[in-house]
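Below is one structure, written out as structure tokens; comments come after it.
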2 protein chains.
Amino acid sequence: MGITKTQGFSEETTSMAELLKALGHPARLSIMMYLANSPQCINSDLVDELPLAQSTVSRHLSELKRVGLIKGTIAGNNISYCVNEDMWDKVKDFFTGTSNLLSPKKCC
Amino acid sequence: MGITKTQGFSEETTSMAELLKALGHPARLSIMMYLANSPQCINSDLVDELPLAQSTVSRHLSELKRVGLIKGTIAGNNISYCVNEDMWDKVKDFFTGTSNLLSPKKCC
DNA sequence: TCGTTATATCGTAATATTGCGATATGGGAA
DNA sequence: TTCCCATATCGCAATATTACGATATAACGA
């Protein structure tokens with residue numbers, strides 16, 4: 001199949017899974033780290049940073065844009081990408097939120 | 001292709017991406033949430049909780065076990081699964097760690 | 001205008017993922 | 001032993017993902 005069932009899962013679960021899936025690739029995770037740590041809003045000299053062809057980098061960027069983790073604006077001849085902090089916070093909150101706290105049990 | 005390039009990425013990035021990828025599926029994320037919030041260490045009545053066949057649930061469980069996010073021990077006739085807190089903390093720390101802090105810029 | 005640069009998209013090929021039914025396996029219960 | 005129960009695994013089919021080169025597109029500079 002290869003198709004992921006979404007029926008029967010909550011909308012929140014599905015959308016969070018989509019965000020995590022987008023982050024679950026070395027190239028895309030690297031892009032996020034690079035954008036998060038760069039002093040200014042960096043365009044795609046990411047191509048130089050990553051061991052991938054330009055077209056592949058572009059694909060990963062558009063995937064990150066599709067799920068809303070990054071934003072891009074045209075700045076002259078190149079495009080300035082940056083992290084969409086709202087969406088990033090959404091992911092962070094998922095892991096720091098109290099509803100996901102583990103009870104301190106060591107059972108296995 | 002379908003194959004993910006790992007050459008050229010740091011080991012840390014690759015392993016974190018693997019963890020996030022494992023979480024990036026509604027069923028596997030649901031399993032983690034369920035285990036994290038369950039009062040006791042729950043075995044696979046997950047099959048009743050999820051809209052998936054038993055064999056599919058088992059596959060997702062073994063994937064989570066493969067990356068180390070959960071642990072399972074045999075308890076009589078059934079298996080008791082629970083969250084591997086060390087690995088879960090590793091993911092949490094990634095999002096809460098200072099090295100990933102975004103500078104407060106709104107550029108796009 | 002022409003060439004260069006930066007990006008995106010297309011087409012293709014290889015591989016991975018997902019899901020299910022069917023089938024093992026292994027332990028307890030009758 | 002024989003029959004269930006809970007799990008795991010296999011085999012398959014359908015779909016998704018990944019990567020690359022080639023090709024568009026669009027804007028700037030000479």
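Convention: sequence-line order gives letters A, B, ...; per-chain numbering from 1.
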Can you give each donor-acceptor pair under 3.5 Å made by side-chain atoms of residues 45-57 of chain B, sequence neighbours left out, with the distance rounded to 0.1 Å?
none

For A:Thr73, side-chain contact (heavy atoms from CB on, under 4.5 Å) partners two or more places apart: A:Ser80, B:Cys108
Applying side-chain contact (heavy atoms from CB on, under 4.5 Å), can you list everything that pairs with B:Ser10, at least two apart in sequence or on another chain? B:Glu12, B:Thr13
For nucleotides 26-30 of chain C, which of its nitrogen or oxygen atoms have a protein nitrogen or oxygen under 3.5 Å away, and what is each distance?
none

Applying side-chain contact (heavy atoms from CB on, under 4.5 Å) to A:Ile79 and not counting sequence neighbours gives A:Ile74, A:Tyr81
Could you state the CZ-C1' distance from B:Arg66 to C:dT18, rounded to the nearest angstrom? 15 Å
How many angstroms lie between atom CE of A:Met87 and atom CG of A:Leu64, to the nearest 0.5 angstrom? 11.5 Å
Taking all heavy atoms of B:Lys71 and all of B:Val83, pick out the closest pair and write down the distance. CE-O, 4.3 Å
For the residue pair B:Asn84 and B:Ile70, establish whether any side-chain heavy-atom pair is separated by less than 4.5 Å. no
Mapping A:Glu63 and A:Ile74 to their closest nucleotides on DNA chain D, which lands nearer the 5' end? A:Glu63
CD of A:Glu18 versus C1' of D:dT17: gap in Å, rounded? 14 Å
Where do A:Ala17 and B:Pro26 come nearest, in terms of heavy atoms and distance? CB-N, 3.6 Å
One should read off an interatomic distance between A:Thr14 OG1 and B:His25 NE2, to the nearest 0.5 angstrom, of 9.5 Å
Would you please classify the geometry between the A:Phe95 ring and the B:Trp88 ring as parallel, tilted or perpendicular, with 30° and 60° separating the classes? tilted
So, taking the atom named CG in B:Leu23 and the one named NZ in A:Lys21, what distance separates them when rounded to the nearest 0.5 Å? 13.5 Å
Just jot down the side-chain contact (heavy atoms from CB on, under 4.5 Å) partners of A:Ser15, sequence neighbours excluded, or say none. A:Glu11, A:Lys90
Between D:dA6 (P) and B:Leu50 (CG): distance, integer Å: 16 Å
Please determine which of A:Arg59, A:Lys65, A:Arg66 meets the salt bridge (charged side-chain N to carboxylate O under 4.0 Å, His left out) test together with A:Glu63. A:Arg66
Pairwise N/O distances under 3.5 Å, protein to nucleotides 13-16 of chain D:
{"unit_1": "D:dA13", "atom_1": "N1", "unit_2": "A:Met1", "atom_2": "N", "d": "3.0"}
{"unit_1": "D:dA13", "atom_1": "N3", "unit_2": "A:Met1", "atom_2": "N", "d": "2.8"}
{"unit_1": "D:dA14", "atom_1": "N3", "unit_2": "A:Met1", "atom_2": "N", "d": "2.3"}
{"unit_1": "D:dA14", "atom_1": "N3", "unit_2": "A:Met1", "atom_2": "O", "d": "2.1"}
{"unit_1": "D:dA14", "atom_1": "N3", "unit_2": "A:Gly2", "atom_2": "N", "d": "3.3"}
{"unit_1": "D:dT15", "atom_1": "O4'", "unit_2": "A:Met1", "atom_2": "O", "d": "2.5"}
{"unit_1": "D:dT15", "atom_1": "N1", "unit_2": "A:Met1", "atom_2": "O", "d": "3.2"}
{"unit_1": "D:dT15", "atom_1": "O2", "unit_2": "A:Met1", "atom_2": "O", "d": "3.4"}

Near DNA chain D, counting only heavy atoms under 4.0 Å, which residues of residues 6-17 of chain B show up? none
Rounded to the nearest 0.5 Å, the CD atom of A:Glu18 sits from the CG atom of B:Leu29 at a distance of 12.5 Å
In whole Å, what is the span from the CG atom of A:Leu20 to the P atom of D:dT17? 15 Å
Without decimals, in angstroms, what is the distance between B:Ile31 CD1 and C:dT18 P? 11 Å
Is there a side-chain polar atom (N or O) of B:Tyr81 under 4.0 Å from OP1 or OP2 of D:dA8? yes
Close approaches to DNA chain C from residues 23-30 of chain A, in residue order (heavy atom, under 4.0 Å): none
Distance check, rounded to the nearest 0.5 Å: B:Arg28 atom CZ versus B:Ser30 atom OG? 11.0 Å
Check whether any side-chain heavy atom of A:Lys92 sits under 4.5 Å from a side-chain heavy atom of B:Phe94, and report yes or no. no
Euclidean distance, atom CD1 of residue A:Ile79 to atom P of D:dA27 [Å, nearest integer]: 11 Å
Ordered by number, residues from residues 51-62 of chain B within less than 4.0 Å of DNA chain C (heavy atoms) are B:Leu52, B:Ala53, B:Ser55, B:Thr56, B:Arg59, B:His60
